[in-house]
Amino acid sequence: MFGPTQANRCSVQVRCQSYAVLMPKQLILILGDQLTPDISSLQDADPASSIVLIAEVMAEASYVRHHKKKIAFLFSAMRHFADELRAAGWMVEYTRLDDPENSGSLVGEVFRVAAQNGATSVRVTEPGEWRLLDELQGLDAAFAVEILPDDRFIASHKEFEDWAEGRKALRMEYFYRDMRRKTDILMDGDKPTGGQWNFDHDNRKPAARDLMMPQPLRFTPDAITQDVLDLVEARFADNFGTLNPFRFGATRADAEAAFAHFLKTALPQFGDYQDAMLAAEKFLYHAVVGLYLNCGLLNPLTICRAAEAEYDAGRAPLNAVEGFIRQIIGWREYVRGIYWREGPDYVRRNALGATRALPSFYWDAKTDMACVRSCVEQTRDEAYAHHIQRLMVTGNFALLAGVDPYALHEWYLAVYADAYEWVEAPNVVGMSQFADGGLLASKPYISSGAYIDRMSDYCRGCKYDVKEKAGAKACPFNYLYWDFIVRHRERVASNPRMAQMVRNYDRFTDERKAEIKADSAQFLGQL
Ligand code: FAD
Ligand code: DLZ
Ligand code: SF4
């Protein structure tokens, strides 16, 4: 903790008052996803001559129509964090959304609060979006601006650049190995613990309905959260999502308790069932900590070390612990590296030329496809879906149907409580939609209904028949899969991991090919 301690808080306040006229004040802007007491903007800062600004602003709350639960979670976490900083001795100016003086934007709030406090310099940790970086850099016309690296990440921008430099393909696996070496997590000297870097082949089990499922730790809203819930209900009534019941935690202590609960109840089976989906079990063995990590209530390295300690103590197997750690020091760091390396136009990439409007059932769940319906309903109710639901149901459908990746990107950015552009965009544009042409994924993540049937129980409750290949009863994923192969034939044929699919298609009879075309046109025409 970098703030002054409780013991010296009074003397700090006294010093502040006497310095106020003598020293130019520095304004430290803390963004909504920077709720970390030792964030770089607070490190080495002098609480006596600094004003910390945290602001709820409409510009941030409306650049996409965020899920109601996402806004409520973040505003409540921001308000709790302001109290945490005040308790540590910082002077905090907190702008509430409904404050009559609220200028509506972060830059506007910097000007307003700086003027009120006589601040001439602004300090901020780099934001997680190009849009905001651009806005904050623009402050330098009026202030001495210091934008600091975000050292909560394990790899700096430079480290990622250096790693990527000169490589033909930027595969996560090799980057991940470097992160293992750098952090010394799950390492025996210079060798990976257990003799293997990756235990993914053990992690593909479908889940049985009769398994005892853990549930993530849920919290009862306190007075601060309740105030925010009232605000969100009043100001964002038309946004997507169910607000109540609201069960996310909002403090660091809540986030730590939620993570400790995951370690105890779910981590040992995290690996086995990582790719499984069950309609009635929304969380399976996932950690449900993305929202806490991404806004700064949990630290990535700390939680990875805690997971490693579970393995060391014999309480969780290696495939589970390695799988969990890989998601964080591997995937999470890697997608951030890609986001910043590829530049602001990355979110607009559309290598497959997909132009279809986002179907309305992504918002209202009105579709006969039970898998998509279930994932959208769950997203609406929880502001959460786990990785395979995002990738192999809603993402897979959009890819097969040729949905405009930018429209889909905006949907994913809006609907999940853990969504910030630096992490969402590479997952959607790159991993899920192949819209970056294969920079991130080695092949398009497409599947027919058979994969969804194998990994879930959705098909049992579906109007469509997953075994049917053609006709009105057939699972749409089945013919849309082949339609995708035909539409992108050349690209697929040149991919060693998929070329076989083109050869399989070529062996179909003309009649079968005509069915695929007609069923696809009929289904897509109704969207
Ligand atoms: P767990 O499955 O328990 O995994 C633990 C942690 O690992 C996660 O909290 C997360 O921090 C990290 N992680 C896992 N997979 C990834 C990944 N592919 N990229 C980055 N971090 C990862 N993650 C986000 O944090 N924000 C997003 O907006 C987001 N959008 C996504 C969109 C699509 C289309 C896809 C396919 C994935 C997306 N992910 C996103 C990654 C992943 O789905 C979520 O991190 C995960 O579902 C969060 O739930 P959890 O905390 O239960 O994760
Ligand atoms: C997502 C979000 C929302 C809904 N509201 C705010 C806000 O009012 N104030 C704020 O500082 N940040 C908010 N955020 C997060 C930002 O939009 C942005 O994603 C991150 O700050 C990028 O680092
Ligand atoms: Fe989804 Fe097809 Fe299964 Fe229906 S049959 S749930 S559409 S995969």
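Numbering of ligands and ligand atoms starts at 1, following listing order. Model, not experiment: these values are computed from the prediction. Both backbone and side-chain heavy atoms feed into the values below; hydrogens, waters and symmetry mates do not.
- At a 4.0 Å cut-off, not a single heavy atom of M58 sits close enough to ligand 2 to count as contact.
- Below 3.5 Å of separation, one finds an N or O of Y63 facing an N or O of ligand 2.
- The closest non-hydrogen atom to atom 1 (C) of ligand 2, taken over L74, L136, D150, V64, comes from L74.
- For the pair D254 (side chain) and A250 (backbone), a donor-acceptor distance under 3.5 Å is present.
- No N or O atom of P127 sits closer than 3.5 Å to an N or O atom of ligand 2.
- Inside a 4.0 Å radius of atom 23 (N) of ligand 1 there is at least one protein heavy atom.
- The shortest N or O to N or O distance between E60 and ligand 2 is below 3.5 Å.
- Considering both main-chain and side-chain atoms, V57 comes within under 3.5 Å of ligand 2 through a nitrogen or oxygen pair.
- Contact atoms of ligand 3 toward M369: 7 (S) (distance under 4.0 Å to a heavy atom of the residue).
- Shortest contact from atom 12 (N) of ligand 2 to any protein heavy atom: G32 N, 3.4 Å.
- Heavy-atom contacts of L106 reach the following atoms of ligand 2: 11 (O) (cutoff under 4.0 Å).
- For the pair H66 and ligand 2, the shortest N or O to N or O distance does not fall below 3.5 Å.
- At least one N/O/S atom of C462, from backbone or side chain, sits under 2.8 Å from atom 4 (Fe) of ligand 3.
- Nearest non-hydrogen protein atom to atom 6 (S) of ligand 3 is C371 N, 3.5 Å.
- Residue contact check: C459 has heavy atoms under 4.0 Å from atoms 3 (Fe), 5 (S), 6 (S), 8 (S) of ligand 3.
- A search for side chain to side chain contact (heavy atoms under 4.5 Å, CB included) contacts involving R380 returns F240, T242, E377, not counting sequence neighbours.
- Proximity of atom 45 (O) of ligand 1 to the protein is not indicated, since no non-hydrogen protein atom lies closer than 4.0 angstrom.
- Against a heavy-atom cut-off of under 4.0 Å, V466 is close to the following atoms of ligand 3: 5 (S).
- Annotation: E129 places an N or O atom under 3.5 Å from an N or O atom of ligand 2; distance criterion only.
- Taking all heavy atoms of N396, D418, I303 into account, the minimum distance to atom 27 (C) of ligand 1 is reached by D418.
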